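Below is one structure; the comments refer to it alone.
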Amino acid sequence: MTASLLHNVRALRPGVGVVGSAVLVEDGRIVAIDPPADLLPSDLNRVDGGGRLLTPGLIDLHIHGLGLYLFEDSPEAMQAGLAELPRYGVTRVLPTLYRVMNKASLPKLAKLTAALKDVTAVRVPGFHLEGPFLALPGAGSETVPGDLALLDALFEATDGCITAMSVSPDTLDVIPVIERLAEHGVAVFLTHTRANVEQSEAAIEAGARHATHFYDVFPVPDATEPGVRPTGVVEAVLADERVSVDFILDGVHVPPVAVRAALAAKGPRRTALITDGNIGAGLPVGSRHKAWELEVRVAEDGAARIHAPGTPKHGALAGSALTMNRAVNHARQWLGLPEQDAWAMATLAPGRLLNGEMIGDLVAGADADLVLWDEPEGELVARQTWVAGRLVYNTSDTMEMSH
């Protein structure tokens, strides 16, 4: 592969800050930041970034769909939806499945797994299965007790392509499930739970190391005595330094002050951003689509909402309509963080959960998953996106690209 020099950029290393103005890429990896001229290869592709911000690609650990596509609808829908992600600066993703994890759906799950090999626009380490071992239902999620036989069937149907699984600490017989997942190197996320402190601590000891869409579907425990503050899974997670968290930072699911509280406990490298995106994410307000045989609309507040009998007039939350570039921009605007820490939440923090020390980093030796950004009126718009040094998204044919 021909080496490329991305120059005249503001190269931002998450957690550190701007570290240079040129990045040399070869064989899918970053070779050097601001390399000396005498070390540049003779056959070199030069990309003039026009003084724009260059960052590592964004990583979304929890996303069900995007645009017109719900990933679990079909292999074709999943492939088409994943192909749209680079336009939002996403270079690595865990497609999240919700209602295809029972014995009857195993053949469909196997077909979705087979389709992963044809995805080239983004890196897909594997699936995030949200369930089925959940205690509280969400938008039609299954709630079943821990079942090692079913778990083994899921491993077989996915050919081992389970990177993360969300479970509830208060699910019956869930501890053996968590232990089996940890043995297989699967990241265990906690969610959909009203677990008490003891149940939560047991899940963490068994191998759970992350809580997803934190605070959302984590009900506050009932007060049992005036003057005594109830505690539960939220406090157990915040108190344990081994456990990281993530948030849907869309202004609907959780207020910024709650995210700032978690940041005070965890720091930006253990507080990740996700979208929990549904079909309709990235589309205009008012868009209507079908997900899980229910109508989902992009609401005026920017959320994805189900409209069905028995739901509130404004609809019931069903994931979000958020995209990762907007999530980062909200972090920059709402959380009062140094810019490099806002980026760390969307690159380093999720990268750590994927067992990669340099995933989501901008340093020699890291993957050349990079995004060049425009910032019109304070927004973040991906201009160009590279995966392993390969240009997968480009909005401009006028940028200088020469040998």
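The shown structure was predicted, so the numbers you read here are calculated from the model rather than taken from an experiment. Heavy-atom basis, side chains included; hydrogens, waters and symmetry copies ignored.
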How would you list, by chain and number, every residue that makes a side chain to side chain donor-acceptor pair (under 3.5 Å) with D240, sequence neighbours excluded? R242

Is a side-chain N or O of H330 found less than 3.5 angstrom from the main chain of L249, in a donor-acceptor match? yes

Just grab all the ring pair (Phe, Tyr, Trp, His ring centres under 6.0 Å) pairs involving residues 163-184, residues at least two apart or on different chains. F155-H184

Closer than 3.5 angstrom, by distance alone: can the side chain of S168 be matched with the main-chain N or O of H192 as a donor-acceptor pair? yes

Does one side chain, of D250 or S320, offer a donor that lies under 3.5 Å from an acceptor on the other? no

Provide the full list of ring pair (Phe, Tyr, Trp, His ring centres under 6.0 Å) pairs with a residue in residues 343-383, sequence neighbours left out, each pair given once. W343-W373

Test: ring pair (Phe, Tyr, Trp, His ring centres under 6.0 Å). Region: residues 12-45. Which pairs qualify, not counting sequence neighbours? none

Holding to side chain to side chain donor-acceptor pair (under 3.5 Å), I want the full list of residues that pass it with D170, two or more places apart in sequence or in another chain. T193

Sub-3.5 Å donor-acceptor pair from the side chain of T191 to the main-chain atoms of T212, do we have one? yes

Would you tell me whether S21 and R10 have side-chain atoms, one donor and one acceptor, within less than 3.5 Å of each other? no

Give the table of side-chain donor-acceptor pairs shorter than 3.5 Å for residues 105-115, with sequence neighbours excluded, one pair per line with atom names and distance.
unit_1: S105; atom_1: OG; unit_2: V100; atom_2: O; d: 3.0
unit_1: S105; atom_1: OG; unit_2: M101; atom_2: N; d: 3.2
unit_1: S105; atom_1: OG; unit_2: N102; atom_2: N; d: 3.1
unit_1: S105; atom_1: OG; unit_2: N102; atom_2: O; d: 3.0
unit_1: S105; atom_1: OG; unit_2: N102; atom_2: OD1; d: 3.3
unit_1: K108; atom_1: NZ; unit_2: E72; atom_2: O; d: 3.0
unit_1: K108; atom_1: NZ; unit_2: D73; atom_2: O; d: 3.3
unit_1: T113; atom_1: OG1; unit_2: L109; atom_2: O; d: 2.9

Those residues at least two apart in sequence (or on a different chain) that pass salt bridge (charged side-chain N to carboxylate O under 4.0 Å, His left out) with R194 are none

For the side chain of D361 and the backbone of A366, is there at least one donor-acceptor N/O pair under 3.5 Å apart? no

Between H213 and H253, ring centroids under 6.0 Å: no

For R92, the salt bridge (charged side-chain N to carboxylate O under 4.0 Å, His left out) test, sequence neighbours excluded, returns D367, D369

Report yes or no: does T171 contribute a side-chain atom to a donor-acceptor pair with the main-chain N or O of V174 at less than 3.5 Å? no

Is there a donor-acceptor pair closer than 3.5 Å between any side-chain N or O of E201 and the backbone N or O of E198? no

Ignoring hydrogens and angles, tell me if any N or O in the side chain of T96 forms a donor-acceptor pair with the backbone of L94 under 3.5 Å. yes

Using side chain to side chain donor-acceptor pair (under 3.5 Å) as the criterion, list what pairs up with D216, not counting sequence neighbours. none

Whether the side chain of R260 engages the backbone of W334 through a donor-acceptor N/O pair (distance < 3.5 Å, no angle test) should be reported. yes

L61 backbone acceptor or donor facing H128 side chain under 3.5 Å: yes

Would you call D341-R269 a salt bridge at under 4.0 Å N-O? no

Please report the C-alpha distance between M324 and Y88 in whole Å, then the side-chain angles of each, then the deciding distance to 0.1 Å, and finally whether the side chain to side chain contact (heavy atoms under 4.5 Å, CB included) criterion is met. CA-CA 6 Å; M324 280 296 289; Y88 302 104; 5.6 Å; no

Under the salt bridge (charged side-chain N to carboxylate O under 4.0 Å, His left out) test, residues paired with R332 that sit two or more places apart: E339, E375

Ring center gap for Y98 and H64 short of 6.0 angstrom: yes

Once salt bridge (charged side-chain N to carboxylate O under 4.0 Å, His left out) is applied, do any residues pair with D374, and if so which ones, sequence neighbours excluded? R52, R383

Quick one: do the H62 and D246 side chains pair a donor with an acceptor below 3.5 Å? no

E84: partners by side chain to side chain donor-acceptor pair (under 3.5 Å), with sequence neighbours left out: R87

